[in-house]
K.L.:
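First, the structure itself, so that you have it in front of you.
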Amino acid sequence: MSISTTVFSEPLFNFKRCHYHRLATVSHSKLNQHTLSSSSLFSSHKYDSCSWILKPPHKFFSPKFETFATDTDTLESIQSSDVIFNQTHPINRIELVEGKIFVRLDQGNDLKNSELIVGCNLPGKWILHWGVSRADDIGSEWDQPPRDMIPAGSIPIKDYAIETPLKKSSSSEGDTFHEVRIGFKPSDEISAINFVLKDEETGAWYQHKGRDFKVPLVNYLKEDANLLGPKTGLSSSQGQISNVILKSESTVDKVQENSSESESPKKENSQVEGFNVELSLTKEVTVNNSISVSVRKCSETAKYLLDLETDIPGDVFLHWGASRDDLRIWEAPPAPHPPQTVSFKKTALRTQLKSRGSGEGSSVQVSLGEEFSGFLFVLKINQNTWLNNNGNDFYVPLPTPGSIIIGNIEDQSKVVKSEVTEETSEEESNSAFTNEIINEIRSLVTGISSVKRRKTKSKEAQETILQEIERLAAEAYSIFRTSVPTFSEEVIVESEVALESESPELPPKICSGTGTGYEIVCQGFNWESNKSGRWYMELKEKAEELSSLGFTVIWLPPPTDSVSPEGYMPRDLYNLNSRYGNIEELKDVVKTFHKFGIKVLGDAVLNHRCAQHQNQNGIWNIFGGRLNWDDRAVVADDPHFQGRGNKSSGDNFHAAPNIDHSQDFVRKDIKEWLCWLRDEIGYDGWRLDFVRGFWGGYVKDYMDATKPYFSVGEYWDSLSYTYGEMDHNQDAHRQRIVDWISAAGGSAGAFDVTTKGILHSALERCEYWRLSDQQGKPPGVLGWWPSRAVTFIENHDTGSTQGHWRFPRDKEMQGYAYTLTHPGTPSVFFDHIFSHYKKEIAALLSIRKRNGINCRSKVKIHKSERDVYAAIIDEKVAMKIGPGHFEPPSGSQNWSTAWEGRDYKIWEDAS
């Protein structure tokens with residue numbers, strides 16, 4: 001059965017505190033065999049690219065037209081000398097490309113095996129964010145699917161969803177196609193598959209009519225607008241894909257709202273028929289254009305000739321004028337003017353650029369007298385789209401008679417600099433560009449001050465300036481991050497105090513948030529720890545033993561009142577009576593660990609919070625307790641809630657309202673709460689949950705306020721896979737983690753998810769060559785920023801009774817042989833400590849401590865082959881994992897076996 005529908009998707013923008021809405025104007029052209037429609041969004045950087053700012057256009061809005069007589073012969077006959085000024089501005093235009101989402105449910109011939117196929121024919125890095133609805137689970141829209149349904153390369157998102165990358169393939173016509181296949185055995189236990197699509201290149205989420213896609217697997221579900229399949233009766237007017245910034249239509253929360261599914265009795269023949277649905281969608285794609293301006297001096301008339309050329313398609317209008325001084329006040333210069341030039345209130349001109357003979361792009365020539373010191377212009381296309389320079393007019397300086405030579409030298413130096421940049425330091429280029437941004441920010445701040453003095457501009461004008469400062473700050477950071485992959489830990493150590501591993505008995509330097517460098521973390525709970533109701537007291541009994549094993553830090557579970565018993569759906573933040581115990585028991589266990597010299601981390605869930613009340617529309621977004629926030633504390637683009645805050649600075653967590661950390665009152669309340677936890681409970685630091693959901697700069701604010709001894713964030717997303725096989729190069733994955741650490745100012749470490757994923761593939765597939773990157777260093781975060789890498793092989797999500805991404809079975813000790821001998825801060829899972837691995841883990845902890853291995857220790861990889869990986873750390877410890885052979889080289893060290901186990905071995909220098 002085939003159903004075809006036409007839908008429209010409104011694209012996602014990330015401009016904060018902006019209330020202008022964009023309407024796409026359709027003018028079709030071809031791109032990659034898809035239909036494009038020009039939008040009205042452009043981006044720019046000063047002297048490097050162009051930016052369209054969401055605010056009312058320049059003074060030419062609704063202009064009065066007055067036609068000039070134009071002396072075209074004069075323009076065409078002018079003779080000129082060589083170019084004295086030349087500048088090109090890259091323009092990154094955003095256009096909409098139309099494509100399709102394909103959803104097909106196939107039933108096997110024997111009706112025992114079915115397959116859901118979700119595909120998309122648009123370019124991008126597509127991720128399927130999905131879960132299932134269970135027939136008997138009333139009140140829950142999303143749940144984890146059975147393990148045999150989950151395709152290879154998927155990662156779990158908490159306990160309610162899966163993220164699976166779509167694989168790229170080619171159709172018979174040669175078009176690029178992305179798809180994912182989910183195989184399953186039909187049963188009455190699972191009633192539907194829910195999903196949304198995410199394009200990781202743009203960060204945009206795509207839904208169906210403002211809600212999740214819902215694929216029914218049984219035929220007794222109640223009719224719903226977002227159901228796909230034969231019972232939905234979709235037509236060309238009904239199907240609609242929307243971006244998540246649109247207000248959701250009564251989308252229900254996983255925990256807090258009742259399911260809309262029918263509670264009708266299941267029928268004997270309840271399986272839904274197979275179907276095929278096509279849904280149209282649009283996606284923003286970046287199209288690179290440019291505009292170039294060259295200036296020449298006419299030898300006959302002594303006028304300046306300005307040639308402007310652009311490859312922007314369609315009609316392009318030049319709004320232009322001239323200025324006589326540095327104030328850049330617009331003035332309409334006298335004739336001659338190009339053909340079809342009109343006047344705006346005698347202060348500026350408008351000229352349509354003339355199409356080139358090749359049909360690609362357009363150009364125009366303008367002449368100005370020597371009395372002018374600058375040429376000002378903006379561009380207009382598609383009737384309502386203005387193109388300017390970071391919110392300012394484009395400005396081309398013209399040499400005055402007294403400064404022609406100096407100006408020429410300056411211009412030539414710019415050209416020369418751009419030509420030799422490739423052979424000189426990239427840092428100089430970045431520094432120069434960053435200085436321009438800093439100067440621009442200073443100019444904007446001066447603008448705010450002058451506005452306050454004159455009191456002639458509106459609050460909206462000041463807000464626009466503040467938005468520009470925010471954007472420029474983000475741009476400066478984006479320049480900084482381009483150099484992050486190449487830095488080495490040695491550079492960082494210059495600004496920190498290097499730890500001498502030869503003298504571990506000396507008091508080490510403590511850095512706020514990252515400890516001494518010698519920390520060993522114990523995760524002090526698993527997914528089932530809440531069930532006894534007295535976990536704090538049970539854990540208290542193990543404090544002395546954990547200290548004797550060598551642990552210096554323990555991570556406790558979330559302490560707050562929570563909708564979910566595990567604590568990761570917090571509600572009343574100041575209520576510390578949880579399923580793990582009450583507030584007094586929490587204080588007692590913290591005090592006990594301190595007695596045995598162990599620091600304590602609190603698990604702080606800052607990304608989201610469950611509401612206690614519904615708004616007038618029945619949406620759960622009004623909070624209770626001491627922090628009784630309203631819906632202003634919820635991000636505006638949360639796909640399930642009607643938040644009135646700003647758009648999210650990260651990825652959304654679908655199961656609860658995502659908190660808007662850009663709000664001053666939210667940050668103030670969170671800092672006060674964290675400080676209260678520190679002072680009242682005695683926490684020494686933090687484990688930060690789902691930090692992918694909000695900007696790392698906010699984390700820096702919280703760390704600066706609480707000054708933790710040690711802190712670590714959970715930044716978790718998909719590694720790179722090709723056709724279901726993990727890529728060898730995972731630089732992009734660890735780069736995202738490093739970017740977050742950098743945004744947090746290095747005030748917190750991050751779990752090294754990259755290393756865990758690579759260890760999985762290396763050990764499962766006997767491909768130990770994966771444990772060395774192209775520079776011969778460890779391939780995870782610990783290879784780039786070891787002092788901020790918290791290594792682990794298992795936690796309460798990946799292991800325990802959840803088992804979302806369980807470490808290869810019976811190879812756990814190989815994993816610990818790696819993490820406990822390498823730099824970074826190792827974390828050991830509670831379940832492994834108190835298991836048959838206890839003796840082996842204790843031996844590895846002892847080796848690490850007596851050899852002073854720390855988070856900045858040096859690794860030299862000696863072997864990374866198919867069946868063996870071997871390395872020497874700090875010239876004191878040698879190790880190998882894998883079935884292959886390795887013996888440390890004889891030399892100045894006198895190596896002796898310290899410990900060995902199944903497919904791993906550790907040596908120490910006994911000299």
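The residues of the chain are indexed from 1 along the displayed sequence. No experiment lies behind these values; they were computed from the predicted model shown.
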K.L.:
Is there a donor-acceptor pair closer than 3.5 Å between any side-chain N or O of Glu519 and the backbone N or O of Thr825?
P.N.:
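No, Glu519 side chain to Thr825 backbone: no donor-acceptor pair under 3.5 Å.
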K.L.:
Measure from the side-chain N and O atoms of Ser547 to the backbone N and O of Phe596, and report whether any donor-acceptor pair falls under 3.5 Å.
P.N.:
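Flag set: sc Ser547 to bb Phe596 pair under 3.5 Å.
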K.L.:
In this structure, is the centre-to-centre distance between the rings of Trp716 and His733 below 6.0 Å?
P.N.:
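Distance test on ring centres: not under 6.0 Å, no.
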K.L.:
Does Tyr580 form a side-chain contact (heavy atoms from CB on, under 4.5 Å) with Glu585? I'd like the steps, not just the answer.
P.N.:
CA-CA 9 Å; Tyr580 299 100; Glu585 292 170 336; over 6 Å; no
K.L.:
Establish, yes or no, whether the cationic atom of Arg692 lies under 6.0 Å from the six-membered ring centre of Trp740 and within 45° of the ring axis.
P.N.:
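Output no; distance or angle outside limits.
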K.L.:
Output yes when Lys647 and Asp637 qualify as a salt bridge under the 4.0 Å nitrogen-oxygen rule, no when they do not.
P.N.:
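Salt bridge: no.
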K.L.:
Any idea which heavy atoms bring Gly567 and Pro558 closest together, and the distance?
P.N.:
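Scanning both residues completely, I find the closest heavy atoms to be O-CB, 3.4 Å.
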K.L.:
Calculate, to the nearest 0.5 Å, the distance between atoms OG and CG belonging to Ser711 and Leu688 respectively.
P.N.:
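Separation between the atoms: 6.0 Å.
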K.L.:
If I take atom CG from residue Asp572 and atom CG from residue Asn577, how far apart are they, to the nearest 0.5 angstrom?
P.N.:
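If I round to the nearest 0.5 Å, the distance is 10.0 Å.
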K.L.:
Over all heavy atoms of both residues, which pair between Gly517 and Asn854 is shortest? Give the atoms and the distance, please.
P.N.:
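Residues Gly517 and Asn854, closest heavy atoms: O-CB, 3.1 Å.
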K.L.:
Given Asp631 and Phe641, is the side-chain contact (heavy atoms from CB on, under 4.5 Å) satisfied, shown in steps?
P.N.:
CA-CA 9 Å; Asp631 51 5; Phe641 303 92; over 6 Å; no
K.L.:
Considering non-hydrogen atoms only, spot the tightest contact between Ile162 and Pro156 and give its length.
P.N.:
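Between these two residues, the closest heavy atoms are CD1-CA, 3.9 Å.
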K.L.:
Quick check for you: to the nearest 0.5 Å, what is the distance between Gln523 atom CD and Phe551 atom CZ?
P.N.:
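Those atoms lie 11.0 Å apart.
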K.L.:
In this structure, which one of Leu782, Ile793, Val790, Val781 forms a side-chain contact (heavy atoms from CB on, under 4.5 Å) with Thr755?
P.N.:
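With Thr755 as partner, side-chain contact (heavy atoms from CB on, under 4.5 Å) holds for just one option, Leu782.
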K.L.:
Do Phe653 and Met569 make a side-chain contact, defined as non-hydrogen atoms from C-beta onward lying under 4.5 Å apart?
P.N.:
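When only atoms from C-beta onward are counted, Met569 and Phe653 do touch, with a gap below 4.5 Å.
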K.L.:
Is there a donor-acceptor pair closer than 3.5 Å between any side-chain N or O of Trp785 and the backbone N or O of Val738?
P.N.:
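No, because the side chain of Trp785 does not come within donor-acceptor range (under 3.5 Å) of the backbone of Val738.
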K.L.:
Check whether NZ of the Lys or CZ of the Arg Lys599 lies under 6.0 Å from the centre of the six-membered ring of Tyr709 and within 45 degrees of that ring's axis.
P.N.:
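Geometry flag: set, cation within 6.0 Å and 45°.
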K.L.:
Less than 3.5 Å apart, any donor N or O on the side chain of Asn628 or His613 sitting next to an acceptor on the other?
P.N.:
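On atom types as modelled, these side chains do not qualify, holding no pair under 3.5 Å.
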K.L.:
Atom CZ in Arg632, atom CG in Asn646: separation rounded to 0.5 Å?
P.N.:
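With rounding to 0.5 Å, CZ (Arg632) is 11.5 Å from CG (Asn646).
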K.L.:
Under 3.5 Å, which donor-acceptor pairs do the side chains of residues 537-544 form with other protein atoms, sequence neighbours left out?
P.N.:
| residue | atom | partner | partner atom | Å |
| --- | --- | --- | --- | --- |
| Glu538 | OE2 | Ser532 | OG | 2.9 |
| Lys540 | NZ | Asp588 | OD2 | 2.8 |

K.L.:
Indicate whether the side chain of Thr801 and that of Glu528 have a donor and an acceptor atom separated by less than 3.5 Å.
P.N.:
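Distance-only check passes for Thr801 and Glu528.
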K.L.:
Are there more than 12 heavy atoms of other residues, nucleotides or ligands under 6.0 Å from atom NZ of Lys700?
P.N.:
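No, because the 6.0 Å sphere around NZ of Lys700 holds 12 heavy atoms or fewer from other groups.
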K.L.:
Please evaluate residues Trp686 and Thr706 with respect to the criterion side-chain contact (heavy atoms from CB on, under 4.5 Å), reporting the C-alpha separation (whole Å), side-chain torsions for both, the decisive distance (0.1 Å), and the verdict.
P.N.:
CA-CA 10 Å; Trp686 316 109; Thr706 58; 3.2 Å; yes
K.L.:
Would you say Asp831 and Asn526 are linked by a side-chain donor-acceptor pair, where the criterion is simply a distance under 3.5 Å?
P.N.:
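Present: a donor and an acceptor within the cut-off.
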K.L.:
Evaluate the side chain to side chain donor-acceptor pair (under 3.5 Å) criterion for residues Gln642 and Asn617: first the C-alpha distance (whole Å), next the side-chain angles of each, then the deciding distance (0.1 Å), finally the verdict.
P.N.:
CA-CA 9 Å; Gln642 297 174 358; Asn617 299 324; 2.7 Å; yes
K.L.:
Report the residues that fulfil salt bridge (Lys or Arg N to Asp or Glu O under 4.0 Å) with Lys591, sequence neighbours left out, ordered by chain and then residue number.
P.N.:
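For Lys591 there are no salt bridge (Lys or Arg N to Asp or Glu O under 4.0 Å) partners, ignoring immediate neighbours.
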K.L.:
Looking at residues at least two apart in the chain, or sitting in another chain, which of them share a side-chain hydrogen bond (donor to acceptor under 3.5 Å, both in side chains) with Thr798?
P.N.:
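Partners of Thr798 by the side-chain hydrogen bond (donor to acceptor under 3.5 Å, both in side chains) criterion, ordered by chain and then number, come out as Glu794, Asn795.
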K.L.:
After noting the C-alpha distance and the side-chain angles of Asn194 and Asp212, does the key distance pass the side chain to side chain donor-acceptor pair (under 3.5 Å) rule?
P.N.:
CA-CA 6 Å; Asn194 309 289; Asp212 305 331; over 6 Å; no
K.L.:
Should the pair Arg609 and Trp629 be classed as cation-pi, given the thresholds of under 6.0 Å to the six-membered ring centre and 45° from the axis?
P.N.:
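That pair qualifies as a cation-pi contact.
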K.L.:
Has the side chain of Arg856 got a donor or acceptor atom that lies under 3.5 Å from a matching backbone atom of Ser787?
P.N.:
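No, because the side chain of Arg856 does not come within donor-acceptor range (under 3.5 Å) of the backbone of Ser787.
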K.L.:
Between Asn658 and Asn607, does the side chain to side chain donor-acceptor pair (under 3.5 Å) criterion hold? Intermediate values first, please.
P.N.:
CA-CA 6 Å; Asn658 288 255; Asn607 174 75; 3.2 Å; yes
K.L.:
Check ring-ring contact (aromatic ring centres under 6.0 Å, His included) between Phe694 and all other residues, then give those that pass, not counting sequence neighbours.
P.N.:
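Partners of Phe694 under the ring-ring contact (aromatic ring centres under 6.0 Å, His included) test: His661.
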K.L.:
Please give me the minimum heavy-atom distance between Trp142 and Gly131, naming the atom from each residue.
P.N.:
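The answer is CZ3-N, 3.3 Å.
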K.L.:
Does NZ or CZ of Arg626 fall inside the cone over Tyr574's six-membered ring, less than 6.0 Å from its centre and within 45° of the axis?
P.N.:
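Yes - Arg626 lies over the ring of Tyr574, closer than 6.0 Å to its centre and within 45° of its axis.
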K.L.:
Would Ile659 and Val666 satisfy side-chain contact (heavy atoms from CB on, under 4.5 Å), going step by step from the backbone distance to the final call?
P.N.:
CA-CA 8 Å; Ile659 299 305; Val666 168; 3.5 Å; yes
K.L.:
Output the distance between atom CZ (Phe834) and atom CG (Leu549), rounded to the nearest 0.5 Å.
P.N.:
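With rounding to 0.5 Å, CZ (Phe834) is 7.0 Å from CG (Leu549).
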K.L.:
Would you say the side-chain atoms of Arg644 pair up with the backbone N or O of Val634, donor to acceptor, closer than 3.5 Å?
P.N.:
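Judged by distance alone, no pair lies under 3.5 Å.
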K.L.:
Establish, for the pair Arg571 and Phe623, whether the NZ or CZ atom is under 6.0 angstrom from the six-membered ring centre and no further than 45 degrees off its axis.
P.N.:
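Because its charged atom misses either the 6.0 Å distance or the 45° angle limit, Arg571 does not stack over Phe623.
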K.L.:
If I take atom OH from residue Tyr683 and atom CG from residue Leu677, how far apart are they, to the nearest 0.5 angstrom?
P.N.:
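If I round to the nearest 0.5 Å, the distance is 6.5 Å.
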K.L.:
Got Val828 and Cys522 here, is their nearest side-chain heavy-atom distance under 4.5 Å?
P.N.:
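Val828 vs Cys522: side chains apart.
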K.L.:
Indicate yes or no for a side-chain donor-acceptor contact from Asp660 to the backbone of Ser662 under 3.5 Å, with no hydrogens or angles considered.
P.N.:
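Checking the backbone N and O of Ser662 against the side chain of Asp660, a donor-acceptor pair under 3.5 Å is found.
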K.L.:
Which is it for Asn652 and Asp638 under the side chain to side chain donor-acceptor pair (under 3.5 Å) test, yes or no, and what are the steps along the way?
P.N.:
CA-CA 6 Å; Asn652 280 321; Asp638 191 310; 5.4 Å; no
K.L.:
Quick one: closest heavy-atom pair of Lys198 and Trp205, and the distance?
P.N.:
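In this case the closest contact between Lys198 and Trp205 is CD-CZ2, 3.6 Å.
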K.L.:
Could you walk me through whether Asp704 and Lys707 satisfy the salt bridge (Lys or Arg N to Asp or Glu O under 4.0 Å) test, starting with their C-alpha distance in whole Å, then the side-chain angles of each, then the deciding distance to 0.1 Å, before giving a yes or no?
P.N.:
CA-CA 5 Å; Asp704 289 346; Lys707 296 179 173 54; over 6 Å; no
K.L.:
Charged N to carboxylate O below 4.0 Å: is that the case for Asp689 and Arg687?
P.N.:
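Here Asp689 pairs with Arg687 in a salt bridge, since their nearest N and O are under 4.0 Å apart.
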K.L.:
Of all residues at least two apart in sequence or in a different chain, which pass the side-chain hydrogen bond (donor to acceptor under 3.5 Å, both in side chains) check with Ser562?
P.N.:
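For Ser562 the side-chain hydrogen bond (donor to acceptor under 3.5 Å, both in side chains) partners, ignoring immediate neighbours, are Ser564.
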K.L.:
Report yes or no: does Gln614 contribute a side-chain atom to a donor-acceptor pair with the main-chain N or O of Trp620 at less than 3.5 Å?
P.N.:
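Checked: no pair found.
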K.L.:
In a check of ring-ring contact (aromatic ring centres under 6.0 Å, His included) between His796 and each of Phe829, Phe830, Phe525, which one passes?
P.N.:
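Of all the options given, the one that passes is Phe525.
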K.L.:
Can you pull out every side-chain hydrogen bond (donor to acceptor under 3.5 Å, both in side chains) where at least one residue sits in residues 549-560? Sequence neighbours excluded, please.
P.N.:
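Listed by first then second residue: Trp555-Asp603.
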